[in-house]
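Written out below as structure tokens is the structure these notes cover.
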Amino acid sequence: MIALPSIAFGGFSGSAKGVTARQVGGRSILSVRSWPTGQTTSAQVVRRASLSKITKSYKTLTDSQMKDWERLAEHTSGQSVFGQKAQLTGINLYVRLNANRVMAGEALIAEAPAAVAAVPNVSYSNVEITPQLVIFGGIKHESSPYKLVVKMSGSQSSGITNGWSKTVIISSDTEDDWGEADLTKLYLKTIGVEPTPGQKVFIESYWLDTSTGFTGQVFKDSVIVTGESSYQGRVRVTMDNLDPAEEQHVSALDMDFSTNAPVIYFDTVCLGHSNVASSEAILDKELPEELIGLSYALARGMGEDGSLHPQSYQIQSMVWRQKTELHFMHRGGKYIKPTEVFGPGIFYQQ
């Protein structure tokens, strides 16, 4: 028979089999070792190895650096235990913050942050999940150094009300793209199977301050998977959308149409053609009717002497021969080929 540690022994601490007793803030706390219930993923193996490396690196700090981490830990609380916030040690805080930074692709920091950083909370309007789509819409953007960490579960029974223990990290460094984050590929890569219509996916998300490693409050959500979605993502036109059977007059093409404002963002290199101060790009798909119109944007070209020449362009989308054509027409400044059309432009529907 094994005698288990008991809270009846006020000053007792130690381990017996899978049970450990420790003293925290004058209280005796019992904890039972948890055993893995499934196969360890490669991501989990990497993270565990990273935690071990970070823990060992703490010993390389100077006495002054360790004291700074201890001082910061005094003002930082850990996970709540029996309704009371657990106290952190300097090494606990060092490992926690650096583990967060490494997870987001950042390097270890030896110097403790100057103070506990306040991190904003996550806010988004909707999450759409189908077997072919996992996307967050209407995200309230937070500028660098904040990155969005998203944890999601595989498909669970719709009757389950608490499945957040089954979530795993889908992305640790998401940067929303104009308020939208498409996690479809990352979800399929991490979970391994498509979401099942009619079942539920649990979600946890929070902002990570990559400069310090501090995180914001975890926002929990759950979504029923649908067979298809009415969500209309932003339209984006790139070189992949050019018709290979047509002559093209661009060497780079990236047009991003906003869904919340009449704005297009350009990043295109126009080569020009014949004796006309314009370039054409013919697409292999038809743009939606509401995106047929014109816009204006700035441009720049490099002269033979290396001088930079600012220009302006009118960009028009139109349907011709049952195809969508994009016309980049020079309107101001010295015309130079090639020309880079860049930046935002106001869109006028026709």
Side-chain angles (χ1 to χ4, degrees), residues 15 18 20 22 31-73 76-81 86-117 119 122 142 144-154 164-175 181 183 185-192 202-220:
S15 298
T20 298
R22 67 187 188 278
S31 60
V32 180
R33 181 180 179 183
S34 60
W35 298 91
T37 57
Q39 184 177 0
T40 303
T41 66
S42 57
Q44 289 174 323
V45 172
V46 171
R47 182 160 177 80
R48 290 171 186 172
S50 173
L51 289 174
S52 176
K53 180 180 178 180
I54 295 170
T55 302
K56 292 178 181 178
S57 70
Y58 185 77
K59 298 178 182 180
T60 66
L61 301 184
T62 65
D63 290 342
S64 176
Q65 289 172 328
M66 290 183 180
K67 289 179 181 179
D68 288 340
W69 282 103
E70 291 290 346
R71 279 193 288 267
L72 183 62
T76 309
S77 58
Q79 186 177 0
S80 178
V81 180
Q87 294 180 344
L88 292 176
T89 64
I91 187 173
N92 292 151
L93 187 60
Y94 173 84
V95 172
R96 172 187 289 188
L97 299 190
N98 273 302
N100 289 336
R101 282 174 52 85
V102 170
M103 180 178 65
E106 304 291 334
L108 297 180
I109 53 174
E111 302 293 338
V116 178
V119 180
V122 173
E142 298 294 343
S144 179
Y146 297 114
K147 290 185 178 180
L148 186 64
V149 179
V150 179
K151 300 174 67 177
M152 303 179 74
S153 72
W164 287 284
S165 63
K166 300 181 182 297
T167 62
V168 295
I169 293 177
I170 300 298
S171 174
S172 59
D173 58 353
T174 299
E175 295 185 13
L183 299 176
K185 293 182 179 179
L186 292 172
Y187 181 90
L188 295 177
K189 179 180 179 181
T190 304
I191 301 300
F202 290 86
I203 304 167
E204 294 180 277
S205 57
Y206 54 88
W207 286 109
L208 166 63
D209 183 347
T210 58
S211 66
T212 62
F214 282 106
T215 61
Q217 183 176 354
V218 177
F219 181 73
K220 294 184 176 182

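Values below: every heavy atom of this structure, side chains too, minus hydrogens, waters and symmetry copies.
Separation of atoms CD (Glu111) and OG (Ser64) is listed at 7.0 Å; rounding is to 0.5 Å. Remark: Thr89 OG1 to Met66 CE distance equals 11.5 Å, nearest 0.5 Å. Summarising the geometry, atom OG1 belonging to Thr55 is positioned 5.5 Å from atom CD1 belonging to Ile91; distances are rounded to the nearest 0.5 Å. Of the inter-residue distances, the one linking Asp63 atom CG with Asp68 atom CG reads 11.0 Å to the nearest 0.5 angstrom. A distance of 12.5 Å separates NZ in Lys151 from CH2 in Trp164, rounded to the nearest 0.5 Å. Expressed to the nearest 0.5 Å, how far OG1 of Thr76 lies from CG of Leu97 amounts to 7.5 Å.
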| query | What do the steps show when you test Trp207 against Leu148 for side chain to side chain contact (heavy atoms under 4.5 Å, CB included), and what is the final call? | reply | CA-CA 5 Å; Trp207 286 109; Leu148 186 64; 3.8 Å; yes
| query | Under the side chain to side chain contact (heavy atoms under 4.5 Å, CB included) criterion, do Val95 and Tyr58 qualify, and how do the steps go? | reply | CA-CA 8 Å; Val95 172; Tyr58 185 77; 5.7 Å; no
| request: Given side chain to side chain contact (heavy atoms under 4.5 Å, CB included), test Asp173 with Leu208 step by step and report yes or no. | output: CA-CA 8 Å; Asp173 58 353; Leu208 166 63; over 6 Å; no
| task | Please lay out, stage by stage, how Val116 and Phe214 fare under the test side chain to side chain contact (heavy atoms under 4.5 Å, CB included). | result | CA-CA 8 Å; Val116 178; Phe214 282 106; 4.0 Å; yes
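The shortest distance between side-chain heavy atoms of Leu88 and Arg96 falls below 4.5 Å. Using a 4.5 Å cut-off on side-chain heavy atoms (C-beta onward), Thr167 and Met152 make no contact. Side chains of Val119 and Thr215 form no contact here, defined as non-hydrogen atoms less than 4.5 Å apart. Using a 4.5 Å heavy-atom threshold, the side chains of Ile54 and Val102 count as touching. Residues Met103 and Val149 form a side-chain contact, since some pair of their non-hydrogen atoms from C-beta on lies under 4.5 Å apart. Residues Ile170 and Ile191 have side chains in contact (heavy-atom distance under 4.5 Å, counting atoms from C-beta outward).
Under the 3.5 Å distance criterion, the side-chain polar atoms of Thr210 are matched with a main-chain donor or acceptor of Pro145. Under the 3.5 Å distance criterion, the side-chain polar atoms of Trp69 are left unmatched by any main-chain donor or acceptor of Asn92. With hydrogens and angles disregarded, a donor-acceptor distance shorter than 3.5 Å links the side chain of Arg101 to the backbone of Ala107. Side chain of Ser153 to main chain of Phe202: a donor-acceptor pair is present (N/O by atom type, distance under 3.5 Å, no hydrogens or angles).
Residues Leu61 and Ala110 share a closest heavy-atom pair of CD2-CB, 3.6 Å. When all heavy atoms are compared, the tightest approach of Ala181 to Thr174 is CB-CG2, 3.9 Å. The minimum heavy-atom distance linking Ser172 with Ala104 is given by the pair O-CB, 3.8 Å. For the pair Leu108 and Ser57, the tightest heavy-atom approach, listed with the atom from each and the gap, is CD1-OG, 3.9 Å. Across Gly216 and Tyr206, no two heavy atoms sit closer than the pair O-CB, 3.8 Å.
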